[in-house]
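In the text below, chain A, chain B and the rest are named by the order of the sequence lines, each starting its count at 1. Side chains included, hydrogens not; waters and symmetry mates left out as well; all remaining heavy atoms used.
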Amino acid sequence: MTTVDSNTTAPEPVVDPNAVSVTINGKVVAARKGEMIIAAADRTDDFIPRFCYHPRMEPVGMCRQCLVEVVGPRGPMMVVSCMTPVAEGQVVNTETEGVKKAQEGVLELLLANHPLDCPVCDKGGECPLQDQAFSHGPGESRFVEEKRHYEKPIAISENVYLDRERCILCDRCTRFADEVAGDALISFTSRGNNTQVMTFPDEPFSSYFSGNTVQTCPVGALTAKPYRFKARPWDIEHVESTCTTCSVGCRTVVQSSRDELVRYQGVDSQPVNWGWLCDKGRFNFESINSKDRLTTPLIKDASGNLSATSWSVAIDSAARMLRTALTVSPQSVAFIGGARGTNEDAFAWAQLANALGVDSRDSQLADGLPPQVFSLPQATIADIDTAKTIILLAPDLKEELPVLYLRVRHAAEKRTGRVVEVSPRVTGLAGKAWKKVHVEPGKTAAALRALATDAAFTAQLASGSVVVIVGRMNLAESEESVVHALAEVLHMAPQATVLPALRRGNVRGAIHAGLTPRNGGKSTSEILEAAAAGKIECLVLLGADPLSDVPDADLARRGISGARNIIAIDTFITQSSALADIVLPAAAYGEKVGTTTNVEGRISNVAQSITPVGTSRPDWMIAVELGTATSHDLGFASYNEVRTAMILGVSEFAPATDTHAVEHDGVIVAHPTPITLTRADAASIERNSYDYRAVVSRKLYDNAIGTAKSPSLSTLAPSAAVIVHPLDVPRIGAQVGESVRVTSQRATLVLPLQESVDVLRGTAWLPINLSGSDARELLDVTKDVIDLKIEKIS
Amino acid sequence: MSRLNEANIKTALEIIARYPRPKSALIPLLHLAQEQNGYVTNEAMVHLGELVGVTSAEVYGTATFYEMFRFEPVGKYLVNICGTMSCALMGAGDLMHHAEQKLGVKAGGTTTDGMFTLAHAECQAACTEAPTLQVNYRFRYKVTNGDFDTLIDDLKSGKLVDEIPAHGVVARVRQRIPADRGVGAVAPELATENPAWMDGKAAL
């Protein structure tokens, strides 16, 4: 892990009461009390074979492959090294004749029922069973009888296939599902001679984290549909990178074969993701290979249709558009987006905006947090492990930042910290929460203020460090409401540090790079409002799709149609880029190098694995060319020059000079002097005459372009619905599943009615951007809360 | 709908209350579900998962370990004929052949009227009384073909209704343990003192 603070002096050596010294194969190894022998041995050069042991899960001793000898008073004794803790003075031998015989015996038994269909198995070439059969196996089998047979792969979920013949029953997938993900949807069944991993009949393993079981499977029993028979391990090129699907920034290995992405695998990065990925981040490489990717610039022809053109024509036309708009006034040009690219992309576009005098630029789409949140004392993801209290003032982490959810869940599960859930509905972490503050929208700050009299709660806050994960828990509630609630928490726990839960991949990097309003420039909703009023001559969309992403659908529609000219830089034709005058094709993830900044401000690298599709180019390059065409030299013309200019020009990015760290666990951005938040009036917002207060949030799988263009994920998105508490259903008078009329002061929609006990009485939960009527139509970003009327259609 | 019925939900809650952790009650609850429907239905397993706070897959994983839980409908009477060594030597093969003729189904099958399921069984631990069979786990010893016919006829005519209840009924008298007579077990993490046996206080 990278140390950020280099000013600390070396502390006095202290005797660690938990230090244990063991001897493994004659070498003295320093270990810690409670650690297993296999973990200590992993720090030496001697490899103990294993299948069930996984450093991120509890040991179970299922496979028995890691047998070693421990010398005891009665001579050497065979123990399972993944289940035997180290002890002071312990002498362990892992390579004696006895150990060899035992390990060979276990391997022979594990292979007794294994089909050895390696030539047609996806795992062949990177299979721990195959590798260890060579390194630690007997070489041949005495088992000549008929092997056990099962139906060859059966789908246990949309994307995961199970081959029970290959399974060696190591318990890694079932342990992961239960212990790590908390979705125990697979279990050992028919225990005995026919033990097998299986789901409940007709209840698939539909976990957001199912892909991790495929990665950790030590044999070819679990395979993932998007990768099956696509490539062989020896034909794959690997580069270490950072996932930018959401802003957690999980470390990944991007794998390609024949210039096509074939797989992402998680990398165990201690400060970030511990090797886990969510399925959305794991499988959305399909969208980058999509046939629908933009390959050439498009320009609106005389008949108003977008048609292919050359880069020179497109850049010249775009430059002319910008220049014409600038002659009207620099305020009539605006940039929206930029959070989907790299830091360098965002920096180049911010520099172009500076050169053109464009102050209205915003990388958040009216669904984010004010940048001041980054100026509060910041927490890192790893701080969750040591925090005494973790306060969730955030959207459902399981839906929005899945791997961060695993980290918080781990802290609660291991009882290292207590989770306080402050939310307008029950989230994925509620079952692990020590205290749940479920409060309807508009009353959060007041409810938190009332908690100051709760002795148990204040004592808990005072007991140690506090991490507040803060984000937009309800898109139908204003940004200010979150800041007010945060101010209440920071008032009660002044030592608390803040972890912003923003959703888009590199939103933090884009803000640091300068894609945020400055000098009185407009925010996204103000830009769209100005565009609607005809005051925007040229709107530049940097990988942003306001029509499907801005919470206020009506505002987005009016803004996009009101802008005189639109230049879109995108990888796909989206709802918004379809209406642009010029569309410039951008290189996507995996097609360009750069760095990205995650929620905690960790800068890590994004690597290139394949050539950009068609003539698409990295965003920064497009910015440079537009600069040249508008007679502005941005001062850089290659990736290295952008990077250098960025590190020199943006103080937050200064730590990124440590290239080695950036290419591994990353470095944390330099923080400015912390500010403090002042408490506002914590008044509750009372109801209007409508019955239900809207809670609007996103689901992990929705109609976002990266999901919609990935065939393995697109079918997983649910359809739109209005979800209320079961006791509110009779009040509406309609049946569950029936379509009802949902009315806000803005619009009326028809949506199927659903019930869930996770929704508070008197509120209605409406996930957005799903197939069907989109609840964004009901929203008005100028309102603090949205109240709804839900009626049966007679 | 073969989730637990109202009366059985009440019994289930009573059983759950005996244990410090709800999921410890799973096996008695599976018996309850089997008693209600004659076999353990998927809907019942989902319901039990909800009652004790585990996933359906975990209920299924637990239930499938036990041979006595059936997941497909069986006849009202499950007839298990032992086929292991002692019984085999004493004519269990002939008995099974006769049983198949008498009931008109092969071993593993269920009669069309839903009354009988015939099945092979491994050793029933009554070798001195071979050949043996069990009807809903109630023994019959030294069974001849004639005994078998009489047994089937008696079951059909309802003569044995008091002795052999329908499949799934473990005992006709349900154990009732009022709360004040329970052992008051507490979960290990909530225990404030050592268990009696640890302090040598248990009556030995």
task: Let me see the working for B:Val46 and A:Phe200 under side chain to side chain contact (heavy atoms under 4.5 Å, CB included), right down to the final yes or no.
output: CA-CA 9 Å; B:Val46 172; A:Phe200 188 69; 3.5 Å; yes
message: Restricting to salt bridge (charged side-chain N to carboxylate O under 4.0 Å, His left out), what partner residues turn up for B:Lys106, sequence neighbours left out?
response: B:Glu100
Neighbour count above 12 (heavy atom, 6.0 Å) for B:Met85 CE: no
Donor-acceptor contacts under 3.5 Å from residues 130-139 of chain B side chains, at least two apart:
unit_1: B:Thr132; atom_1: OG1; unit_2: B:Gln124; atom_2: OE1; d: 2.9
unit_1: B:Gln134; atom_1: OE1; unit_2: B:Gln124; atom_2: NE2; d: 3.4
unit_1: B:Asn136; atom_1: OD1; unit_2: B:Leu78; atom_2: N; d: 2.7
unit_1: B:Asn136; atom_1: ND2; unit_2: B:Lys76; atom_2: O; d: 3.0
unit_1: B:Asn136; atom_1: ND2; unit_2: B:Pro165; atom_2: O; d: 2.8
unit_1: B:Arg138; atom_1: NH1; unit_2: B:Asn136; atom_2: O; d: 2.8
unit_1: B:Arg138; atom_1: NH1; unit_2: B:Val169; atom_2: O; d: 3.3
unit_1: B:Arg138; atom_1: NH2; unit_2: B:Val170; atom_2: O; d: 3.3

Could you list each N or O donor-acceptor pair linking chain B to chain A at a distance under 3.5 Å?
unit_1: B:Thr55; atom_1: OG1; unit_2: A:Ala184; atom_2: O; d: 2.4
unit_1: B:Ser56; atom_1: OG; unit_2: A:Glu203; atom_2: OE1; d: 3.4
unit_1: B:Ser56; atom_1: OG; unit_2: A:Glu203; atom_2: OE2; d: 3.4
unit_1: B:Thr64; atom_1: OG1; unit_2: A:Ser190; atom_2: N; d: 2.7

task: With sequence neighbours left out, write down each residue that passes side-chain contact (heavy atoms from CB on, under 4.5 Å) with B:His97, or none if nothing qualifies.
output: B:Gln101
